Every structure is written in C-alpha cells, then in structure tokens.
*Asks:* 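My structure is below; once you've seen it, I'll send some questions.
On a predicted model such as this, the values are computed, not experimentally measured, just so you know.
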Amino acid sequence: MIYTVTFNPSIDYIVTVDDFKLGLVNRTSAEFMFPGGKGINVSMVLSNLGFANTALGFLAGFTGDSIQDMLESNGVNAEFIKVSGGITRINVKIRGQQETEINGMGPEIKRKDIEALYEKINKIEDGDILVLAGSIPSVMPKTIYSDIMVHLRKKNIKIVVDATRDLLVNALPHRPFLVKPNNHELGEIYGVELRTHDEVVGYAGKMQKAGARNVLVSMAENGAVLVAENGEVYKSGCPKGKVKNSVGAGDSMVAGFIAGYLETGNYKSAFKKGLLAGSANAFSDNLATKDEVKELEKTFKMQ
C-alpha cells in the first residue's frame, strides 16, 4: 500500500483574472477548486494512474469535509484525523499576467491529534511506501518528518520526502528512499544557484552522500535530473507543450516516479514516468491523468 501524509491540506481556489488590478473589483474568466496540499496531490495522481493509496493528515470544519468528499470521489482512501479547532485552510491562487497566491492559516492541531496520526502510521507495514510531503503548520514540531522516520526505522518502508529547507535536510540521515527538491530548493540548501543539468548532478550527489538513496530534482521547463542509488544518473528535458498550470506539477512527478518504479522496478522507467506525469500536469488545468500521460508518451524521447 502507498500512504501519503499531508500536514497542512487546503482547498485550492484557482482563478484566472486576465487583467488583475489591485484596489479594484476584478472578475474571473475561469475558476477551479481542488483539494490541495502536496501529499494530497500525490494521492490524487496515483489514483488517476491506477494505484490504490491512503491519504493521511489533518482536516477541520466544513472545508475539511469538502476535501474528504473530493478525495473519496476520486478513488482515494482518505483516513484523515478530524481536528476540532478552526477550519482547513483555503488557498487562493490568482492567474493573470503574474501568478499570485494567498494562503490561509489552517486549523489548530493539538498533541492528541498528532498522537492519533501516529496510531494511523503504526499500521504501515513492511514493503509499503510512505510519502511525507509539503509544509507543516507552525503549531507542529519542526522535527515531525524525522520523528516519523525514526518511529518507523525498524520497518522496511520506502519513505519519500518532498519538502524544503530543514524538513528535508533533517530527513536525510534517516535514508529516505527518494527526495525531490527542485533546482532552486536544492541550490538554496547549499547556498548556490543551479541552472544546468550538470550543475544539479553535483549537488544532488551531495544530498545523496548526506543520506538520500535517490535524488530526483525537478527543473520546470528544463526537465529533471535523477541521481539513483545504483550509480545511474539520468538527465532529460521534458515533453513539449503549452504550460497552463504549474500547481502540482512536482507532486505529479513524484506520483509518476512511484508508479513507474512499482510497474518496473527500474529507475530509468520511473524517471521517465515522473517526467511525463509532471508535464501532463503542467499542460492541463488539473492534475495529471493516465490518458494524458499515455498521450505524451507516444512522442516523448528522453534526452
């Protein structure tokens, strides 16, 4: 079974405003509403690709109920902890001449809620995959990622970490199966600017030496790089297409990588499917679907 944990879910309200102006009434030309949060996105795409999975985390209020319904209608087994204080946040993303985001606060999470999450995590078994993804609410321990990895250290679980800064760095000594920073996040950790595939390879190798088994680095329109635990290194651009939606593209890449690995046990195939899923997301108004991935695969050749 594949499990994802989203500590800070949201309803993402995405609107297109063709000529957005501050201080004036603006009208949308398009709008979408999705369940949001990196782990939730991974769960949604895995479901789209035909892989059963269970989504864990915290939900609150009427917005939390909406997310539960949306996930279940998409075939995701949603086993969230319902917390009593506040509501699950609403994130507003405005697409115009530039992209602007307004992110909500999120609910109050208490110690008993975290303990309830650990009870869910205890059910994860040898051979399962666990995805820890995204930011954490300010009320939670900043060590929660590494705490969970230490808690599960006696089990043979492949743990995927998609986070930034200290959340990611502190997870590295615990040997995550996969980490997926983008090139800007990787550069920020090491205090450098990374623009090319070759530059990324060197610093992905540093992250691997720090403990990560596999390092997948997304680079937006420049594709991605994979430094794998078996010594293989893959560098490729991405399929060609018109970018409509960058939200969730990295999460789709993670889901695609997991799907490709489970299908073949092969890192090259996993890398390719990750590229396809991330691009399929970017070229559509929603998260990547199986049909979109298959369509891109017909013409895409990794560089």
Side-chain angles (χ1 to χ4, degrees), residues 1-9 37-47 49-58 71 76-81 113-136 140-164 166-181 207-216 226-230 250-251 253-267 269-271 273-274 277:
M1 174 60 73
I2 308 168
Y3 294 84
T4 67
V5 180
T6 306
F7 297 96
N8 210 6
K38 295 182 72 64
I40 282 176
N41 290 342
V42 173
S43 275
M44 293 278 283
V45 176
L46 283 169
S47 182
L49 297 177
F51 287 83
N53 67 92
T54 296
L56 306 174
F58 304 101
L71 286 171
V76 175
N77 179 32
E79 295 188 9
F80 284 78
I81 309 301
D113 301 318
I114 297 174
E115 291 172 352
L117 177 63
Y118 271 96
E119 290 179 10
K120 299 274 189 184
I121 288 173
N122 286 338
K123 298 177 183 178
I124 300 175
E125 300 177 347
D126 288 349
D128 288 341
I129 294 175
L130 172 64
V131 180
L132 302 173
S135 63
I136 60 172
M140 293 190 67
K142 297 186 184 304
T143 56
I144 189 68
Y145 274 43
S146 52
D147 291 347
I148 289 174
M149 296 177 78
V150 169
H151 185 77
L152 295 172
R153 67 186 181 278
K154 294 182 179 179
K155 294 185 178 182
N156 181 25
I157 297 167
K158 289 182 171 65
I159 298 180
V160 176
V161 176
D162 186 1
T164 59
D166 290 348
L167 283 175
L168 176 55
V169 172
N170 293 339
L172 295 176
H174 304 291
R175 302 282 294 154
F177 171 69
L178 177 72
V179 297
K180 196 220 68 67
M207 190 162 280
Q208 192 178 57
K209 288 178 182 177
R213 291 170 56 187
N214 300 285
V215 183
L216 176 63
L226 172 67
V227 176
E229 63 180 331
N230 59 5
D251 309 323
M253 180 177 284
V254 170
F257 184 94
I258 293 170
Y261 182 79
L262 290 176
E263 287 169 344
T264 66
N266 179 284
Y267 288 127
S269 297
F271 178 61
K273 192 143 193 173

*Asks:* Quick one: pull up CG in Leu168 and NZ in Lys180 and give me the separation to the nearest 0.5 Å.
*Replies:*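 Separation between the atoms: 10.0 Å.
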*Asks:* Taking only residues two or more places apart in sequence or in another chain, which ones pass ring pair (Phe, Tyr, Trp, His ring centres under 6.0 Å) with Tyr145?
*Replies:* Phe7
*Asks:* Taking only residues two or more places apart in sequence or in another chain, which ones pass side chain to side chain contact (heavy atoms under 4.5 Å, CB included) with Asn266?
*Replies:* Thr264, Lys268, Ser269
*Asks:* What's the separation between atom CG in Asp162 and atom CE in Met253, rounded to the nearest 0.5 Å?
*Replies:* 10.5 Å
*Asks:* Taking all heavy atoms of Gly39 and all of Thr4, pick out the closest pair and write down the distance.
*Replies:* O-OG1, 3.4 Å
*Asks:* Please report the interatomic distance CG(Leu117) to CD1(Ile144), rounded to the nearest 0.5 Å.
*Replies:*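 Result: 7.0 Å between the selected atoms.
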*Asks:* Report yes if some heavy atom in the side chain of Ile114 is under 4.5 Å from a heavy atom in the side chain of Pro141; otherwise report no.
*Replies:*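 Counting from C-beta outward, Ile114 and Pro141 do come under 4.5 Å.
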*Asks:* Can you sort out the partners of Asn170 under side chain to side chain donor-acceptor pair (under 3.5 Å), two or more places apart, ordered by chain and number?
*Replies:* none
*Asks:* Would you indicate whether the side-chain heavy atoms of Asn77 and Met1 approach each other to under 4.5 Å?
*Replies:* no
*Asks:* Could you tell me which residues satisfy side chain to side chain donor-acceptor pair (under 3.5 Å) with Tyr261, sequence neighbours excluded, listed by chain and number?
*Replies:* none
*Asks:* Are Ile159 and Ile148 packed together at the side-chain level, in the sense that at least one heavy-atom pair is separated by less than 4.5 angstrom?
*Replies:*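 A side-chain contact is absent here, since even the closest heavy-atom pair is not under 4.5 Å.
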*Asks:* Measure the shortest side-chain to side-chain distance between Val160 and Val42 over non-hydrogen atoms and say whether it is less than 4.5 angstrom.
*Replies:*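 Val160 does not reach Val42 side chain to side chain.
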*Asks:* In Å and rounded to the nearest 0.5 Å, what is the CD1 to CG distance from Ile124 to Asn156?
*Replies:*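 CG of Asn156 is found 13.0 Å from CD1 of Ile124.
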*Asks:* Which heavy atom of Gly134 sits nearest a heavy atom of Ala163, and at what distance?
*Replies:*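 Heavy-atom minimum between the residues: O-CB, 4.2 Å.
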*Asks:* What pair of heavy atoms forms the shortest contact from Gly256 to Leu49, and how long is it?
*Replies:*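 The pair with the smallest heavy-atom distance is CA-CD1, 4.1 Å.
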*Asks:* Kindly state each residue pair satisfying side chain to side chain donor-acceptor pair (under 3.5 Å) with at least one member in residues 114-132, sequence neighbours excluded.
*Replies:* Asn122-His151
*Asks:* Closest approach of Pro9 and Phe80, non-hydrogen atoms and distance?
*Replies:* CG-CE2, 4.1 Å
*Asks:* Minimum heavy-atom separation for Leu46 to Ala259, with atom names?
*Replies:*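 Taking Leu46 first and Ala259 second, the nearest heavy atoms are CD2-N, 4.5 Å.
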*Asks:* According to side chain to side chain donor-acceptor pair (under 3.5 Å), who are the partners of Asn8, at least two apart in sequence or on a separate chain?
*Replies:* none
*Asks:* If you define the side chain from C-beta out and look only at heavy atoms, does anything of Val179 sit under 4.5 Å from Met207?
*Replies:* yes
*Asks:* Given side chains that start at C-beta, do those of Val254 and Lys38 come closer than 4.5 Å, heavy atoms only?
*Replies:* no
*Asks:* Identify the two heavy atoms, one from Gly211 and one from Pro176, that lie closest to each other, and give their separation to 0.1 Å.
*Replies:* O-CD, 4.1 Å
*Asks:* In chain order, what residues pass the ring pair (Phe, Tyr, Trp, His ring centres under 6.0 Å) check against Phe51, with sequence neighbours excluded?
*Replies:*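 Testing Phe51 for ring pair (Phe, Tyr, Trp, His ring centres under 6.0 Å), a comparison that skips the adjacent residues, returns none.
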*Asks:* Is the backbone N or O of Ser43 less than 3.5 Å from a side-chain atom of Asn53, with the two atoms forming a donor-acceptor pair by type?
*Replies:*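 Side chain of Asn53 to backbone of Ser43, a donor-acceptor pair under 3.5 Å: yes, one is there.
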*Asks:* Listed by chain and number, what are the side chain to side chain donor-acceptor pair (under 3.5 Å) partners of Asn41, not counting sequence neighbours?
*Replies:*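 So Asn41 forms a side chain to side chain donor-acceptor pair (under 3.5 Å) with Asp251.
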*Asks:* Check step by step if side chain to side chain contact (heavy atoms under 4.5 Å, CB included) holds for Tyr3 and Ile157.
*Replies:* CA-CA 11 Å; Tyr3 294 84; Ile157 297 167; over 6 Å; no
*Asks:* Apply salt bridge (Lys or Arg N to Asp or Glu O under 4.0 Å) to Arg213 and list each qualifying residue two or more places apart in sequence or on a separate chain.
*Replies:*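 Arg213: salt bridge (Lys or Arg N to Asp or Glu O under 4.0 Å) contacts with Glu229.
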*Asks:* What orientation do Tyr267 and Phe177 show, parallel under 30°, tilted 30 to 60°, or perpendicular over 60°?
*Replies:*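 Rings of Tyr267 and Phe177: tilted, 30 to 60°.
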*Asks:* By the definition side-chain contact (heavy atoms from CB on, under 4.5 Å), identify the one residue from Leu130, Leu262, Ile129 that meets it with Lys158.
*Replies:*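 For Lys158, the side-chain contact (heavy atoms from CB on, under 4.5 Å) check succeeds only for Ile129.
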*Asks:* Supply the atom-to-atom distance Leu216 CG to Asn214 CG, rounded to the nearest 0.5 angstrom.
*Replies:* 9.0 Å
*Asks:* How would you list all residue pairs meeting salt bridge (charged side-chain N to carboxylate O under 4.0 Å, His left out) that involve residues 144-157, not counting sequence neighbours?
*Replies:* none
